[in-house]
Amino acid sequence: MDLAKYRALFLEEATEHLADLSRALLALEKNAADAEAIDVAFRMAHSIKGMAASLDYQGPTELAHRLEDLLASQRAAGSVDARASALLFRALEGLERMVGALRATGEPPAADPGLIAELSGAPSGPPPKKA
């Protein structure tokens, strides 16, 4: 199997999906209840997740999955709150960095554990010290 061909296809399609995701998030900044923008953002995250998973790119798969989960919760709420909006943009930037690193090195980077924890709703950083 020619992995270089599939990596090139992933990079091309992921770049397009990230551009669509960016436009959707910008639309949500203007109207947090824009259901169509939430749906587009969700579909783009879902597509990136699926493509990355098919190539066993664990870092991008994990980040896209957490982004998808956050978008699903915001879609269920009917709008994107301010905290979620900031996280969505951070996740977009994280995916863009990962795709750039894959393009530059040919290897998918690991996901940022702090960002993954924030997207998952878990506290990031070391656990609190016991008294």
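Computed from heavy atoms alone, side chains included, the values below leave out hydrogens, waters and symmetry copies.
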Could you tell me which non-hydrogen atom of [X] sits nearest to which non-hydrogen atom of [Y], and how far apart they are?
X	Y	value
Ala45	Ala64	O-CB, 3.7 Å
Leu63	Ala111	CB-CB, 4.5 Å
Leu119	Ala91	CD1-CB, 4.0 Å
Arg103	Leu11	NH2-O, 3.5 Å
Glu62	Ile116	OE2-CG2, 3.5 Å
Asp34	Ala27	OD2-CB, 4.1 Å

Please, which pairs that meet side chain to side chain donor-acceptor pair (under 3.5 Å) have at least one residue in residues 81-101, sequence neighbours excluded?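 Counting only pairs at least two positions apart or across chains, the side chain to side chain donor-acceptor pair (under 3.5 Å) contacts touching residues 81-101 are Arg90-Glu118.
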Quick one: which residue pairs count as a side chain to side chain donor-acceptor pair (under 3.5 Å) with a foot in residues 40-54, not counting sequence neighbours?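 Found His46-Glu68, Lys49-Glu68.
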So, taking the atom named CG in Leu88 and the one named CG in Leu28, what distance separates them when rounded to the nearest 0.5 Å?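 CG of Leu28 is found 7.5 Å from CG of Leu88.
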Say you draw a straight line from NE2 of His17 to CD of Glu12; how long is it, rounded to the nearest 0.5 Å?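 Rounded to the nearest 0.5 Å, the NE2-CD separation comes to 10.0 Å.
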Hey, does the side chain of Ser79 reach the backbone of Ala33 with a donor-acceptor pair shorter than 3.5 angstrom?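 Checked: no pair found.
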Around atom CD of Glu29, are there more than 12 heavy atoms from other residues, nucleotides or ligands closer than 6.0 Å?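 Yes, because the 6.0 Å sphere around CD of Glu29 holds more than 12 heavy atoms from other groups.
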Which residues pass the side-chain hydrogen bond (donor to acceptor under 3.5 Å, both in side chains) test with Asn31, sequence neighbours left out?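 Testing Asn31 for side-chain hydrogen bond (donor to acceptor under 3.5 Å, both in side chains), a comparison that skips the adjacent residues, returns none.
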Pairing residues for Phe10 by the ring pair (Phe, Tyr, Trp, His ring centres under 6.0 Å) criterion, not counting sequence neighbours: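 By the ring pair (Phe, Tyr, Trp, His ring centres under 6.0 Å) rule, Phe10 matches Tyr57.
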Once salt bridge (Lys or Arg N to Asp or Glu O under 4.0 Å) is applied, do any residues pair with Arg75, and if so which ones, sequence neighbours excluded?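 Only Asp39 meet the salt bridge (Lys or Arg N to Asp or Glu O under 4.0 Å) criterion with Arg75.
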Are Gln74 and Phe42 close enough that some pair of their side-chain heavy atoms sits under 4.5 Å apart?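 Gln74 does not reach Phe42 side chain to side chain.
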Return the set of residues passing side chain to side chain contact (heavy atoms under 4.5 Å, CB included) with Leu21 (not counting sequence neighbours), or none when no residue passes.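 Leu18, Leu25, Ala41, Met44, Leu67, Leu92.
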Do Leu9 and Leu95 share a hydrophobic cluster (ILVMFWY, side-chain heavy atoms under 4.5 Å, transitive)?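 No; Leu95 is not reachable from Leu9 via cluster members.
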